Protein chains: 2
Amino acid sequence: MKKAPNITDAEWEVMKLIWNNNPSTSEQIISALSPKMGWSAQTIKTLINRLLKKGIIDFEKEGRIYKYYPLILKEDYIRTENRSFLEKVYDGALSMLVSNFLEEESLSENEIEKIQKILEKKKNENQDNKK
Amino acid sequence: MKKAPNITDAEWEVMKLIWNNNPSTSEQIISALSPKMGWSAQTIKTLINRLLKKGIIDFEKEGRIYKYYPLILKEDYIRTENRSFLEKVYDGALSMLVSNFLEEESLSENEIEKIQKILEKKKNENQDNKK
DNA sequence: ACTTAGCGTTTACACATGTAAACAATTAAT
DNA sequence: ATTAATTGTTTACATGTGTAAACGCTAAGT
């Protein structure tokens, strides 16, 4: 299988925009990112074009204007990012990763409980698989 | 404060070696990474040199041979990596990150319990802070 | 119809990164 | 002492990435 095209940090900002507002016009992307990122309109156009060339987004003409839409799911791409981060930094040791993050950052009651529920569920699943 | 020098993916492999075996000679680094990564000895020498230039490692002469040692702690660097990953991919939403990882990967009983303990502790800390 | 503003396309350019070859200095072998 | 092998240093080169300027086409205003 061919390696998935890479999304760079700068391109990632554009993708977040497009995923959240699908489809987006370049005007929308530029007016959202230009102030936030301090990028010129030209820079953003370049990023959009690179995403097109990489086959990560596509567009549909709406008169003179293009509507850009993603060709890949955010969830899918994040899954890949997760995997490679886990591999690169933790050599695949998930529990290391999780404890590390938990210990360094703070969480609300609610969030803690949400995670606890997930863990309970996983415990049960493990149990089931054992039988 | 000056931005921390970046460690690239290839350089990261070298750093893992040096952190695990501190100090390391280039011979040790090369014979470990050359087969594992399929890199030529020259390539690895380049990576070592870039790490030197970036001020991430330093060396001590031991006769003709250099012993390389890290100038930064693995833990510190990982903390930075964690932070930027959390920001980039999850916009800082830790609970999202954690649930995502937990749901996609598998964990042993033991690991689950370890994480549960961390959560309990955090819950108590939250409680304490509230008072 | 003619000019202009707006949107997309092409070209640019410096620095980073992966991947090494070529070179120099020094030690070890003959 | 010379030569060869080893280890570190310099230079190289293609591709990726951040950051745009310049250019070209077309709709819109006069």
Side-chain angles (χ1 to χ4, degrees), chain A residues 2-18 23-69 77 80-81 84 88, chain B residues 2-18 21 23-69 77 80-81 84 87-88:
Chain A
K2 66 194 53 148
K3 67 186 76 89
N6 200 46
I7 298 176
T8 73
D9 287 356
E11 288 163 4
W12 182 255
E13 291 299 326
V14 175
M15 286 311 293
K16 285 202 288 193
L17 243 288
I18 296 180
S24 296
T25 66
S26 61
E27 199 280 322
Q28 291 174 316
I29 299 173
I30 289 170
S31 52
L33 288 185
S34 188
K36 187 180 164 203
M37 297 289 123
W39 292 335
S40 83
Q42 292 307 324
T43 297
I44 298 173
K45 288 184 195 174
T46 300
L47 296 175
I48 293 175
N49 252 291
R50 288 186 180 159
L51 288 167
L52 280 171
K53 286 222 182 91
K54 290 181 180 179
I56 294 167
I57 62 178
D58 202 352
F59 63 86
E60 241 176 53
K61 282 188 173 164
E62 182 92 29
R64 68 248 131 231
I65 287 180
Y66 287 21
K67 309 266 206 164
Y68 299 95
Y69 58 89
Y77 193 75
T80 310
E81 290 275 284
S84 52
K88 178 186 168 191
Chain B
K2 65 193 57 145
K3 67 187 76 91
N6 200 46
I7 298 177
T8 73
D9 286 357
E11 288 163 3
W12 182 255
E13 291 299 326
V14 175
M15 287 311 293
K16 284 201 290 193
L17 243 288
I18 296 180
N21 180 41
S24 296
T25 66
S26 62
E27 199 281 323
Q28 292 174 316
I29 299 173
I30 289 170
S31 51
L33 288 185
S34 189
K36 187 179 162 204
M37 297 290 124
W39 291 335
S40 83
Q42 292 307 325
T43 296
I44 297 173
K45 289 184 194 174
T46 300
L47 296 175
I48 292 175
N49 252 292
R50 288 187 180 160
L51 288 166
L52 280 171
K53 286 223 183 91
K54 290 180 180 179
I56 294 167
I57 62 177
D58 202 352
F59 64 85
E60 241 176 53
K61 282 187 174 166
E62 182 92 28
R64 69 249 129 231
I65 286 178
Y66 287 21
K67 309 267 205 164
Y68 298 95
Y69 58 88
Y77 194 75
T80 310
E81 289 275 285
S84 53
E87 275 315 317
K88 178 186 168 190

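So that the names make sense, note that chain A is the first sequence line, chain B the second, and so on, each numbered from 1. All values derive from a computational prediction rather than experimental measurement.
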How long is the line joining [atom1] of [X] and [atom2] of [N], in whole Å?
{"X": "B:Met15", "N": "C:dT17", "atom1": "CE", "atom2": "C1'", "answer": "17 Å"}
{"X": "B:Lys54", "N": "C:dA16", "atom1": "NZ", "atom2": "P", "answer": "8 Å"}
{"X": "A:Gln42", "N": "C:dG8", "atom1": "CD", "atom2": "P", "answer": "11 Å"}
{"X": "A:Leu52", "N": "C:dC7", "atom1": "CG", "atom2": "P", "answer": "17 Å"}
{"X": "B:Ile30", "N": "C:dA20", "atom1": "CD1", "atom2": "P", "answer": "13 Å"}
{"X": "A:Trp39", "N": "D:dT17", "atom1": "CH2", "atom2": "P", "answer": "13 Å"}
{"X": "B:Met37", "N": "C:dT19", "atom1": "CE", "atom2": "P", "answer": "11 Å"}
{"X": "B:Lys67", "N": "D:dG8", "atom1": "NZ", "atom2": "P", "answer": "11 Å"}

A:Thr43 and A:Thr46 side chains, donor-acceptor separation under 3.5 Å: no

Do the side-chain N or O atoms of [X] get closer than 4.0 angstrom to the phosphate oxygens (OP1, OP2) of [N]?
{"X": "B:Thr46", "N": "C:dG18", "answer": "no"}
{"X": "A:Thr25", "N": "C:dC7", "answer": "no"}
{"X": "A:Lys45", "N": "C:dG6", "answer": "no"}
{"X": "A:Ser26", "N": "C:dC7", "answer": "no"}
{"X": "A:Thr8", "N": "D:dG16", "answer": "no"}

Between the side chain of [X] and the main-chain N/O of [Y], is any donor-acceptor distance below 3.5 Å?
{"X": "A:Trp12", "Y": "B:Lys88", "value": "yes"}
{"X": "A:Ser34", "Y": "A:Ala41", "value": "no"}
{"X": "B:Glu87", "Y": "B:Ser84", "value": "no"}

Applying a 4.0 Å non-hydrogen cut-off, can you work out what [X] is touching in the nucleic acid: base, sugar-phosphate, or nothing?
{"X": "A:Lys53", "value": "nothing"}
{"X": "A:Asp9", "value": "sugar-phosphate"}
{"X": "A:Asn6", "value": "sugar-phosphate"}

Partner of A:Lys67 by side chain to side chain contact (heavy atoms under 4.5 Å, CB included), out of A:Pro23, A:Ser24, A:Ser26: A:Pro23

B:Ile7 and its side chain to side chain contact (heavy atoms under 4.5 Å, CB included) partner, picked from B:Met15, B:Glu81, B:Arg50, B:Glu13: B:Met15

Donor-acceptor pair under 3.5 Å, A:Ser40 side chain vs D:dA20 base: no

Heavy-atom donor-acceptor pair, A:Arg50 side-chain to C:dT10 base, under 3.5 Å: no

Gap separating the OH atom of A:Tyr68 from the CG atom of A:Leu51, nearest 0.5 angstrom: 10.5 Å

Distance (rounded to the nearest 0.5 Å) between B:Gln28 CD and B:Ile65 CD1: 9.0 Å

Which nucleotide in the set [options] lies at the smallest distance from any side-chain heavy atom of [X]?
{"X": "B:Asn49", "options": "C:dT9, D:dG18, D:dT9", "answer": "D:dT9"}
{"X": "B:Ile65", "options": "D:dT17, C:dG8, D:dG8", "answer": "D:dG8"}
{"X": "A:Thr43", "options": "C:dG8, D:dT17, D:dA20", "answer": "D:dA20"}

Anything under 3.5 Å between a protein N or O and an N or O of nucleotides 24-28 of chain C, put it in a table, one pair a line.
none

